[in-house]
J.: 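After the structure tokens below, expect a handful of questions from me.
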Amino acid sequence: MKHTPTIRAELDRYLQQEGLSLAQFGQLAGMNRGIISAIVTGNKSMSVNQLDLITEAMDLPEGHFYDLFIENYIIDHPPNMRRIEPFLFRCAELDKLDAIRRVVGAIMDNLLYSPKLFEIAEELLSQGRHEAALLLYEGVAEAERYQHSERLAVCQYRIFTIQVGDDQSRNIRAAAVFEAFVERLDEIDQLDALKDLANVYRSLRKWDKVDEMARQMRAKAEIQYSLKHQEKRELRDIEKRTRGPLFGYIAYADLLCASVCEARGDYQQALQYTYAYAVNKLLSGDVGVLPDYVEYIAATSNANENEKLSKLLNIMIAANRYQINVDDVLSRFEMDIHSFAKLPTVADMYTQQVIPDYFAWFGFEMAHYYLHRGKYTDGFKFLMNAMVKSHIINNETYFINCIGLFMRFQDHAAPAIQTEFSNLIEKVWLSNVKENNTVNHFE
């Protein structure tokens, strides 16, 4: 049977060879004599920090005794995470990957150690020690391969992101393995996972996969954005867990779909996706896309008035949301904007139902923009127009919003506007009480 040497025996031999007392060596190592004595006699185990001090005092390379440390204090003892954790971090610092691999192999028969090793892996990843973290993620994933846990899915995600590099063969293998685990991730983490997968498949020109991942990402981002409003959760509570705003995932999905269409030669459809991408980027606050978006509107000037209205509405929403100056845009499309003053008369359902709503919404956004910039004449003109349109289409939300905006700026309204506002409110009120058969009470 092969006898395994011990660090204790190596230290004892060194002391005899150099003729050093325990006290003298303790001074060299910066350690208490009692601790040195307890280590030499085998009455005390040691920490990795103590081992490093002993190694330096013996004038040996860093990590010289790490293999023996694993034999003496990890394999031959019940696993102690208070000893193992700092040892793993130190191995990562010294790039002792084989030592990390041995430790993981020695303790991962017991699933109880998975949570702690996962935590250590996450910390190593945050420190940029990817190769060391990879060994731990792989160990945890192997131990939990039958558990169907979210931690297993996260491990597979981390393994995937670490493995992706210049080797395309390795990339496609990593993507194929990880794809099966996406749905086990937290619903928020799935967004980044699908984006990463789409990017890998894009680099590999696997267009069917790019299209699949992009559509899934867009659908999931839209669900999260919708839930945010329904459950009245703060958007930042979601977005602090993603690498960007939810709008960004929707927009990027459109950009990916555009690249798929271009690769397939469907340039018309690609243009539509590119347009959708610009809209979502603009609505997420990316002012950089505004010039291109404006040129897109100008280039499609032959399109019908309704389409132009929806495009200009996007600009006004973004302008008010992010305090963007769009005076030059409004000047450029001044004639188009004036043409929006009349409600459409075409009989198709879209024009009857959707466009009037857009007119009222656009008027409110224009009023909001001008009033907040001190351009009260233009602001109240658009505001009154929006109120009238809101009343015509019976949209209470827009009407109430218009009232609130008017009340905020009423001190700046000319007497004629004040009178017009009061007359409209009275007209709507009388119409409402009449509709509810209560008019006789007020005659």
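All values below come from the heavy atoms of this structure, side chains included, with hydrogens, waters and symmetry mates left out. Since we're looking at a predicted model, the values are computed, not measured.
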J.: Can you list the steps and then say if Asp328 with Arg332 is a salt bridge (charged side-chain N to carboxylate O under 4.0 Å, His left out)?
T.: CA-CA 6 Å; Asp328 55 337; Arg332 183 171 182 176; over 6 Å; no

J.: Measure from NZ or CZ of Lys220 to the centre of the six-membered ring of Tyr249 and say whether it is under 6.0 Å with the direction within 45° of the ring axis.
T.: no

J.: Hey, could you give me the CG/CG distance between Asn314 and Leu290, rounded to the nearest 0.5 Å?
T.: 11.0 Å

J.: Does any non-hydrogen side-chain atom of Glu396 lie less than 4.5 Å from one of His391?
T.: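 Not in contact.
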
J.: So that I can tick it off, tell me whether Arg129 and Asp95 are bridged by a salt bridge, with the cut-off set at under 4.0 angstrom between side-chain N and carboxylate O.
T.: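 The answer is no: the pair does not qualify as a salt bridge.
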
J.: Rounded to the nearest 0.5 Å, what separation is found between the NE2 atom of His130 and the CZ atom of Arg158?
T.: 10.5 Å

J.: Relative to the ring of Phe178, is the ring of Tyr157 parallel (under 30°), tilted (30 to 60°) or perpendicular (over 60°)?
T.: parallel

J.: What's the verdict on ring pair (Phe, Tyr, Trp, His ring centres under 6.0 Å) for Phe87 and Tyr66, showing C-alpha distance, side-chain angles and the deciding distance?
T.: CA-CA 9 Å; Phe87 180 69; Tyr66 280 11; 5.0 Å; yes

J.: Would you confirm whether Asn171, through its side chain, and Gly165, through its main-chain N or O, come within 3.5 Å as a donor-acceptor pair?
T.: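 Yes.
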
J.: Less than 3.5 Å apart, any donor N or O on the side chain of Asn80 or Tyr73 sitting next to an acceptor on the other?
T.: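 No, no side-chain donor-acceptor pair sits under 3.5 Å.
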
J.: Compare every heavy atom of Ala193 with every heavy atom of Leu185, then report the nearest pair and how far apart it is.
T.: CD1-CB, 3.6 Å

J.: Rounded to the nearest 0.5 Å, what's the gap from CE on Met316 to CD1 on Ile337? Could you check?
T.: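 Taking CE in Met316 and CD1 in Ile337, the distance rounds to 7.5 Å.
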
J.: Tell me whether Lys308 forms a cation-pi arrangement with Phe333, defined as NZ or CZ under 6.0 Å from the six-membered ring centre and within 45 degrees of its axis.
T.: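 No, a cation-pi geometry is absent between Lys308 and Phe333.
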
J.: Assess the side chains of Asn385 and Lys389: does a donor N or O sit below 3.5 Å from an acceptor N or O?
T.: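 Indeed, the side chains of Asn385 and Lys389 share at least one donor-acceptor pair under 3.5 Å.
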
J.: With distance as the sole criterion, is a donor-acceptor pair present between the side chains of Tyr201 and Glu179 under 3.5 Å?
T.: yes

J.: With distance as the sole criterion, is a donor-acceptor pair present between the side chains of Tyr277 and Gln272 under 3.5 Å?
T.: no

J.: Do Glu150 and Arg184 pass the salt bridge (charged side-chain N to carboxylate O under 4.0 Å, His left out) test, and can you show the C-alpha distance, the side-chain angles, and the key distance before you say yes or no?
T.: CA-CA 6 Å; Glu150 184 180 331; Arg184 299 191 201 175; over 6 Å; no

J.: To the closest 0.5 Å, what do you measure between CG (Leu312) and CD1 (Ile297)?
T.: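 Those atoms lie 4.5 Å apart.
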
J.: Is it true that Asp327 and Tyr369 share a donor-acceptor pair across their side chains at a distance under 3.5 Å?
T.: yes

J.: Would you say the side chain of Phe362 lies within less than 4.5 Å of the side chain of Leu309, judging by non-hydrogen atoms?
T.: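 Side chain of Leu309 against side chain of Phe362, heavy atoms only: contact under 4.5 Å found.
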
J.: Is there side-chain contact between Val200 and Asp196, with heavy atoms separated by less than 4.5 Å?
T.: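 No, every pair of side-chain atoms sits at 4.5 Å or beyond.
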
J.: Using the rule side chain to side chain contact (heavy atoms under 4.5 Å, CB included), only one of Val428, Ile403, Asn401 pairs with Met387; which is it?
T.: Ile403

J.: Between Glu56 and Glu62 (side chain of the first, backbone of the second, donor and acceptor by atom type, cut-off under 3.5 Å), is there such a pair?
T.: no

J.: Before accepting this row, confirm whether a basic side-chain N of the pair Arg151/Glu122 lies closer than 4.0 Å to the acidic partner's carboxylate O.
T.: no

J.: Please tell me if the side chains of Asp378 and Leu371 come closer than 4.5 Å, counting only heavy atoms from C-beta onward.
T.: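 They are not in contact (no side-chain heavy atoms under 4.5 Å apart), so the answer is no.
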
J.: Hey, what's the ring geometry for His372 with His368, parallel, tilted or perpendicular (30° and 60° as the breaks)?
T.: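 Taking His368 first and then His372, their aromatic rings lie parallel (interplane angle under 30°).
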
J.: Within the side chain of Glu222, is there an N or O that forms a donor-acceptor pair under 3.5 Å with the backbone of Ala219?
T.: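 Flag not set: sc Glu222 to bb Ala219 has no pair under 3.5 Å.
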
J.: Check the side chains of Tyr275 and Asp254 for a donor-acceptor pair under 3.5 angstrom, ignoring hydrogens and angles.
T.: no

J.: Is the distance between the ring centroids of Phe406 and Phe380 under 6.0 Å?
T.: yes

J.: Kindly compute the distance separating NZ (Lys96) from CZ (Arg101), expressed to the nearest 0.5 Å.
T.: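 Lys96 NZ to Arg101 CZ: 13.5 Å, rounded to 0.5 Å.
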
J.: Consider side chain to side chain contact (heavy atoms under 4.5 Å, CB included). Of Val326, Ile315, Val289, which one does Val294 pass it with?
T.: Ile315

J.: Rounded at 0.5 Å granularity, tell me how far CD1 in Ile172 sits from OG in Ser203.
T.: 9.0 Å

J.: Any side-chain donor-acceptor pair under 3.5 Å between Tyr376 and Asp411?
T.: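 Note: Tyr376 and Asp411 side chains miss the donor-acceptor criterion.
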
J.: Do Ser431 side-chain atoms and Lys427 backbone N/O form a donor-acceptor pair below 3.5 Å?
T.: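 Not confirmed, Ser431 side chain does not pair with Lys427 backbone.
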
J.: For Arg264 and Asp208, run salt bridge (charged side-chain N to carboxylate O under 4.0 Å, His left out): C-alpha distance rounded to whole Å, both residues' side-chain angles, the deciding distance at 0.1 Å, then the answer.
T.: CA-CA 10 Å; Arg264 293 171 174 172; Asp208 287 346; 2.6 Å; yes

